[in-house]
There are 4 protein chains.
Amino acid sequence: MQPDQHSRPTGRTKSRRLPRAVRERQILDAAVEVFAERGFHPASMDEISETAGISKPMIYAYLGSKDELFLECLRREAARLIDAIGEAVDPELGPDEQLWRGLQQFFAYVNEHRTSWAVLHRQASSQGEPFSQELATFRSRAMGLISTLLARATVDSQTPMTSEQLEPFASALVGACESLIDWWIEHPEHTADGMAMRVMNLTWMGFGDLIAGRTWSPAEPS
Amino acid sequence: MQPDQHSRPTGRTKSRRLPRAVRERQILDAAVEVFAERGFHPASMDEISETAGISKPMIYAYLGSKDELFLECLRREAARLIDAIGEAVDPELGPDEQLWRGLQQFFAYVNEHRTSWAVLHRQASSQGEPFSQELATFRSRAMGLISTLLARATVDSQTPMTSEQLEPFASALVGACESLIDWWIEHPEHTADGMAMRVMNLTWMGFGDLIAGRTWSPAEPS
Amino acid sequence: MQPDQHSRPTGRTKSRRLPRAVRERQILDAAVEVFAERGFHPASMDEISETAGISKPMIYAYLGSKDELFLECLRREAARLIDAIGEAVDPELGPDEQLWRGLQQFFAYVNEHRTSWAVLHRQASSQGEPFSQELATFRSRAMGLISTLLARATVDSQTPMTSEQLEPFASALVGACESLIDWWIEHPEHTADGMAMRVMNLTWMGFGDLIAGRTWSPAEPS
Amino acid sequence: MQPDQHSRPTGRTKSRRLPRAVRERQILDAAVEVFAERGFHPASMDEISETAGISKPMIYAYLGSKDELFLECLRREAARLIDAIGEAVDPELGPDEQLWRGLQQFFAYVNEHRTSWAVLHRQASSQGEPFSQELATFRSRAMGLISTLLARATVDSQTPMTSEQLEPFASALVGACESLIDWWIEHPEHTADGMAMRVMNLTWMGFGDLIAGRTWSPAEPS
DNA sequence: TATGAATGAGCGTTCATTCAT
DNA sequence: GATGAATGAACGCTCATTCAT
């Protein structure tokens, strides 16, 4: 019926016999793409295997079930994001500058990896137990960074706060960022730095200061 | 699941042949419950019909397809939430007090209607176009309230801000609340007012003030 | 939900309490219309009841199941067609004139009652046993008329033929007419008489005569 | 049902994992059988898959939806019938002899493939647009053959007729054959050649000649 | 009498998953 | 190692039919 539809477009004839690591990367790339575009349930293993250019049995052999595949996507993308942010923060700086750098990097990363973020955040949060659990792990790592940072900043004040007390604030900060990204998608004319600045103004200064005309701005030439 | 919700009027004695409006409510109640527990796709019309105690054909006759049913759930729950919040705000008060009342009511409502909130927020945001559209409509209404409120507050300041400029801050505020709810679920020992207070401290005062030991608290006995 | 959609368009307020015969006619009219438009299986009892302006339980009370309803449609429409044709034939005339009159009337009837014909012929012939049986009954009555007519015509010839021998020819004649109607639908510019003439030319004269330029035409002014 | 149709090659020893082309043939065979026996709508994909000895998903993978499957049946059977007839006609012969051979072959084919014919004709003609369209295509090909044949025959006569003028006659001829087959089914004692002869007598000679005792018969020993 | 309300049963379709080669 | 072939199980949806009022 369809006689000559074989042979992948990319010159690789047959493309067989690749090392396992490469295959796994191909599969995960395709999976992230398809999960991001369709959502977890509507994404079919058929489409993922076609996108990856690898037959379904291979996917099952390498990554297990659809759930495990999705979890693996989650872990990889989360690690990438955390790494990107971690590299940007310099513990020598003041707390507001550290937060600022982290936010800068966060929005820059999301800007460049929209699909990753879609998989990571929106899809994972809405599916049941195994995934939201994984997402929670990632989130708590991000929140841990933030609350530790803030805790250190209060150490010398009159009312030092434990990192545990600061956890809900970190959570709220993360949520604020996630929500702002939705707004950003509909207002793409703003820059990543502009978005980070908004978060600083809201969470460092607060509406009280904003209303009074006091805003936050980064220190002299970064 | 919710033991004393409506209490079958006639002690389960074949209370069939109810008027349409009643059936529609039963169906929507069941649908919200099942969608919240399973998520949109995994929720099956069979389970919804069993939960509602009504056969599937009636669901289709009254509410249409699964998509339409979900949309209707969304609309009802969103309207309820918005109403609950709207009733709590008194335009005579100062902006921080208004925000405070709104947040109080919001967390109180969510506390009492966890399943509604799950349907409304997490499920709707992760499914495709027809639903995220509906959710956006609801969200923008909430954000409109907030940004208008803040805009009025800056009118007399040196740097008045338009409600449009304040929109991203409103979006971030909403996201912060949503995220805090996740944290709350894992720390249920806190009260709704405590949660609202945290949001006030973050968004009205900001980390800057928090670190310096300045916090927000409601006006004298309300 | 839809508060004021009652009250039939036709002034009859409520239209209740009509004699049974009238109800049955309404139902059959609607059924023929819907069966003709949709086909037997795709036609739903819901649509029939809506078209008739009568609730479904009434249909079941008066005409029985969907199958029985369709059979009743068949019987009524077949009787009408046979009657129309029977009235046109005058046993005093010659056989070709009788055939001609019958065909005239047949095409005239079909022209005016397309939906009836659709129900009668195309739908009935393709559904299973109970219906094709009914259709066969009708057909054999029509074929009986024709073959009797032809048999009488051969009585005085050298090779008289029994009406039984002529039956297959009658069947073929009926089939030719049915098929011509399909062609007619796509060439509606032709008149009913023109169609009848074609049948006469084919079945009375035959290709042999046609090719030789000999055609049939009705007797002097009818 | 048909005992000696293909004879499972390996005596039913789990002969799974067959190439696609073979499976497609099996599916189409089963589909034709079931569609013919039950009709289009009452035929269920379940029964087709059981009859074919193949699970439903394979049917969908190979042939698409129920509609597409039916269309494919139509195309295959129509092509077979047209081929069978086309092979029988010899353009060197006179027009009546050509028609005679074609009819001979037609009745012989239908005699051997009753189910095919049932699918082709009765089912396709009564279902909606996509199918009657396909049937019309097939029919017009058959009619084209006939009317061209007749047109050539009149070329040298006093009143030459275009193939377009002859189209309705061809249509009627086809309908006559179809209807005769119904009669044949109830009188199976007649031979295929006998049936073909009846058509010749009706359409080549006409009732006029028949009544007068003039009949058609094939040329000397064929 | 007349009907809105109600359902059992079934259909077309799809998908994650696994054999057999 | 790699894949085309294959399926059990389920899902969304509809329909003919009947009950209770």
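Being a predicted model, the structure only gives us computed values, none of them experimental. Letters A, B, ... mirror the listed sequences (proteins, then strands); counts begin at 1.
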Next on the checklist: Please confirm whether the shortest side-chain N or O distance from D:Arg23 to OP1 or OP2 of F:dA6 is below 4.0 Å.
Outcome noted: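 Checking D:Arg23 against F:dA6: at least one side-chain N or O falls below 4.0 Å of OP1 or OP2.
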
Item to check | 5'-most by nearest nucleotide on DNA chain E - D:Lys66 or B:Tyr62 | outcome: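 Upstream on the strand: B:Tyr62.
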
Item to check | D:Tyr60 or B:Pro57, whichever maps to the more 5' nucleotide of DNA chain E | outcome: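 Closest to the 5' end, via its nearest nucleotide, is B:Pro57.
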
Item to check | Heavy-atom closest pair, residues B:Val32 and B:Ser116 | outcome: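 That closest heavy-atom pairing would be CG1-CA, 4.0 Å.
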
Next on the checklist: Looking at every heavy atom in both D:Ser49 and D:Ser55, which two are closest together, and how far apart are they?
Outcome noted: CB-C, 4.1 Å

Item to check | Base-pairing assignment for E:dA16 (Watson-Crick or G-U wobble, both under 3.5 Å) | outcome: F:dT7

Checklist outcome for this item: For E:dT21, the nucleotide meeting Watson-Crick or G-U wobble distances (both under 3.5 Å) is F:dA2

Checklist entry - Quick one: does C:Lys56 reach the base of F:dT18 with a side-chain donor-acceptor pair under 3.5 Å? => result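 For C:Lys56, whose side chain was compared with the base of F:dT18, there is no donor-acceptor pair (under 3.5 Å).
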
Item to check | Presence of donor-acceptor pair under 3.5 Å, side chain of B:Arg17 and base of E:dA5 | outcome: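 Indeed, a donor on one side and an acceptor on the other fall under 3.5 Å apart.
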
Between [X] ([atom1]) and [N] ([atom2]), how many Å, whole number?
X	N	atom1	atom2	answer
A:Glu50	F:dG4	CD	P	11 Å
A:Met45	F:dT3	CE	C1'	15 Å
C:Glu24	E:dA2	CD	C1'	15 Å
C:Phe35	F:dA16	CZ	C1'	11 Å
A:His41	F:dG12	NE2	P	10 Å
D:Met58	E:dC19	CE	C1'	13 Å
A:Arg20	F:dA2	CZ	P	11 Å
B:Phe70	F:dC13	CZ	P	14 Å

Checklist entry - Would you say the side chain of D:Pro42 lies within less than 4.5 Å of the side chain of C:His41, judging by non-hydrogen atoms? => result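 Side-chain contact under 4.5 Å: yes.
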
Next on the checklist: Measuring only between side-chain heavy atoms, which start at C-beta, is C:Arg75 closer than 4.5 Å to C:Phe138?
Outcome noted: no

Checklist entry - In terms of the nearest nucleotide of DNA chain F, which residue is placed more toward the 5' end: B:Ser65 or D:Pro19? => result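 The residue whose closest nucleotide sits nearer the 5' end is D:Pro19.
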
Next on the checklist: Reading DNA chain F from 5' onward, which residue's closest nucleotide shows up sooner: C:Asp67 or D:Ala21?
Outcome noted: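 Comparing both residues, the 5'-ward one is D:Ala21.
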
Between [options], which nucleotide has the shortest distance from any of its atoms to the side chain of [X]?
X	options	answer
C:Ser55	E:dG12, E:dA2, E:dT17	E:dA2
D:Ile54	F:dT7, E:dA16, E:dC11	F:dT7
A:Ser44	E:dC15, E:dT3, F:dG4	E:dC15

Item to check | Plane angle bin for D:Phe70 and D:Phe40 - parallel if under 30°, tilted between 30 and 60°, otherwise perpendicular | outcome: tilted

